[in-house]
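What follows is a set of notes on a single structure, which appears directly below.
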Amino acid sequence: MCGIKRPFVIGLLLILTVQYGICAPLNKNKPKLEFVTFIAPPYVFDPEKTSEKGIVLLILDHLMEQAGIDFKITIMPPKRAELYAQYTPNTCVVPIEKSQEREVFFSWVSPILISNNGLFRLASQKPISLNSLEDARPFRIGSYLGSSMGDYLSSFGFMVDLTTHNEANIYKLNADRIDLWASDILSARYISKTTGIEISESILDFFTSLRAIGCHDEMDNSIILAMRKALQEMYRSGKMDAILQEFKAQKQTTHNLGK
């Protein structure tokens with residue numbers, strides 16, 4: 001963002017933001033945070049299409065209740081959400097993928113999820129055998145802006161075609177505009193079921209990402225510590241596993257997501 005002043009960036013992002021009314025009730029005695037997120041089923045659903053909460057918002061609801069923090073949520077495209085949280089005080093982005101490149105820009109509460117990522121093709125397409133990630137170098141790979149997985153592949157010189165949302169990649173795969181789709185496995189299976197476009201099993205599991213809460217680097221440290229303590233307690237008590245297992249069981253019943 002060289003040469004661009006923070007007030008200009010913040011103003012531009014505010015103008016471009018689309019805000020939906022998915023927020024917790026506010027209490028004047030509690031700290032209040034703004035969270036920015038992005039549509040990424042089944043982690044975060046589009047509130048204009050369903051009242052169902054994705055797994056990230058279910059986790060966030062419990063985490064903020066445990067931490068004693070009120071919050072509101074704004075939905076943006078993934079890359080915009082990352083930049084907005086980076087430049088806007090008292091704001092966090094979730095579920096951002098933690099990476100070495102992003103480490104210095106945020107105060108972290110992590111991990112809220114661990115995602116396994118793979119490479120996919122259509123079930124109807126000719127199978128491709130990949131023994132290592134290097135074998136994927138001749139192919140066009142679909143990812144999305146704001147994905148650490150896409151950044152990772154690009155940094156090693158792979159041919160990466162980026163979209164604004166992950167779901168767009170299954171349509172590009174179906175239209176033969178990309179050869180492989182790089183996605184976390186849970187999202188890929190969900191998108192395949194809901195779009196009716198059948199994909200292969202992961203050809204190569206190649207990347208594990210930590211999904212986290214990334215907060216503005218000048219966030220009050222007491223708030224960060226309260227969220228970290230609440231997250232630790234969720235893991236210690238088994239609440240995190242209970243939320244995940246219940247959610248996966250529901251999705252397996254309705255969408256046959258599998259593990």
Side-chain angles (χ1 to χ4, degrees), residues 1 16 37-46 49 54 56 75-83 93 95-102 105 113-212 214 255-259:
M1 315 274 323
L16 295 174
T37 188
F38 46 91
I39 297 168
Y43 299 107
V44 180
F45 292 114
D46 186 343
K49 295 181 179 179
V56 166
I75 290 181
M76 305 178 183
K79 190 62 178 181
R80 192 184 304 163
E82 178 184 345
L83 292 173
V93 57
I96 191 171
E97 294 167 303
K98 194 173 183 182
S99 66
Q100 185 175 354
E101 293 75 18
R102 290 172 171 157
F105 296 116
L113 287 167
I114 300 174
S115 297
N116 294 316
N117 301 271
L119 295 172
F120 299 88
R121 277 173 67 78
L122 297 181
S124 60
Q125 289 178 315
K126 181 179 179 181
I128 292 175
S129 178
L130 302 177
N131 296 314
S132 68
L133 187 57
E134 187 62 27
D135 294 337
R137 193 167 290 281
F139 302 104
R140 299 165 297 172
I141 303 173
S143 185
Y144 64 93
L145 289 166
S147 169
S148 63
M149 183 172 35
D151 293 341
Y152 174 81
L153 291 168
S154 295
S155 71
F156 285 99
F158 286 87
M159 292 186 291
V160 181
D161 194 334
L162 298 175
T163 65
T164 54
H165 297 284
N166 194 26
E167 187 176 5
N169 284 299
I170 199 167
Y171 294 106
K172 292 174 70 174
L173 194 64
N174 197 40
D176 198 30
R177 292 173 56 194
I178 55 175
D179 303 305
L180 296 167
W181 175 23
S183 174
D184 75 90
I185 293 171
L186 189 62
S187 290
R189 289 175 178 170
Y190 182 88
I191 292 170
S192 174
K193 289 296 180 183
T194 54
T195 59
I197 301 174
E198 189 176 356
I199 58 172
S200 66
E201 291 297 314
S202 173
I203 300 169
L204 180 71
D205 294 356
F206 72 98
F207 192 82
T208 298
S209 57
L210 300 180
R211 292 180 180 261
H255 297 292
N256 191 28
L257 285 179
K259 295 182 180 180

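In this text, all values refer to a predicted model and were calculated from it rather than measured experimentally.
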In Å, rounded to the nearest 0.5 Å, how long is the span from CD1 of I170 to OG1 of T195?
3.5 Å
Please, which pairs that meet side-chain hydrogen bond (donor to acceptor under 3.5 Å, both in side chains) have at least one residue in residues 125-136, sequence neighbours excluded?
E134-R137
List the steps, then state whether side-chain contact (heavy atoms from CB on, under 4.5 Å) holds for T163 with L145.
CA-CA 6 Å; T163 65; L145 289 166; over 6 Å; no
Does the side chain of Y144 come within less than 4.5 Å of K79's, by heavy atoms?
no
Could you measure the distance from the CG atom of N117 to the OG atom of S148? Nearest 0.5 Å is fine.
7.5 Å
Salt bridge (charged side-chain N to carboxylate O under 4.0 Å, His left out): which pairs involve residues 194-207, sequence neighbours left out?
R189-E201
Answer with yes or no after comparing the ring centroid distance for Y190 and Y43 against a 6.0 Å cut-off, counting only values under it.
no
In short, salt bridge (charged side-chain N to carboxylate O under 4.0 Å, His left out) pairs touching residues 145-172 with sequence neighbours left out are D161-K172
For residues L130 and A136, report the shortest heavy-atom separation together with the two atoms involved.
CD2-N, 3.9 Å
Give me the atom names and distance for the closest heavy-atom approach of E97 to S147.
OE1-CA, 3.4 Å
Under the side-chain contact (heavy atoms from CB on, under 4.5 Å) criterion, do R211 and D184 qualify, and how do the steps go?
CA-CA 11 Å; R211 292 180 180 261; D184 75 90; 3.2 Å; yes
Qualifying residue for side-chain contact (heavy atoms from CB on, under 4.5 Å) with W181, from I141, L122, L119, N166:
N166
On a heavy-atom basis, the closest approach of I178 and G142 is CD1-CA, 3.7 Å
Which pair of heavy atoms, one from F158 and one from L133, lies closest together, and at what distance?
CE2-O, 3.3 Å
For R140 against R177, the heavy-atom pair lying closest together:
NH1-O, 3.2 Å
Contact check, side chains of P95 and T37, non-hydrogen atoms, under 4.5 Å
yes
Calculate, to the nearest 0.5 Å, the distance between atoms CD1 and CD1 belonging to I75 and I39 respectively.
5.0 Å
Side chains of S187 and P42, heavy atoms from C-beta outward: is any pair under 4.5 Å?
yes
Distance col, row L210:CG vs L113:CG, nearest 0.5 angstrom, shows 10.0 Å
Just verifying a value: how many Å separate I191 CD1 and L186 CG, rounded to the nearest 0.5 Å?
9.5 Å
If you round to the nearest 0.5 Å, how far is CG of L180 from CZ of F139?
6.0 Å
All heavy atoms of S143 vs all of V160, minimum pair found to be CB-CG1, 4.0 Å
Check step by step if side-chain contact (heavy atoms from CB on, under 4.5 Å) holds for H165 and F38.
CA-CA 9 Å; H165 297 284; F38 46 91; 5.5 Å; no
Would you check if the side chain of S200 reaches a backbone N or O of R121 as a donor-acceptor pair within less than 3.5 Å?
yes
Would you sort out whether Y152 and S99 count as a side-chain contact (heavy atoms from CB on, under 4.5 Å), showing the intermediate values?
CA-CA 9 Å; Y152 174 81; S99 66; over 6 Å; no
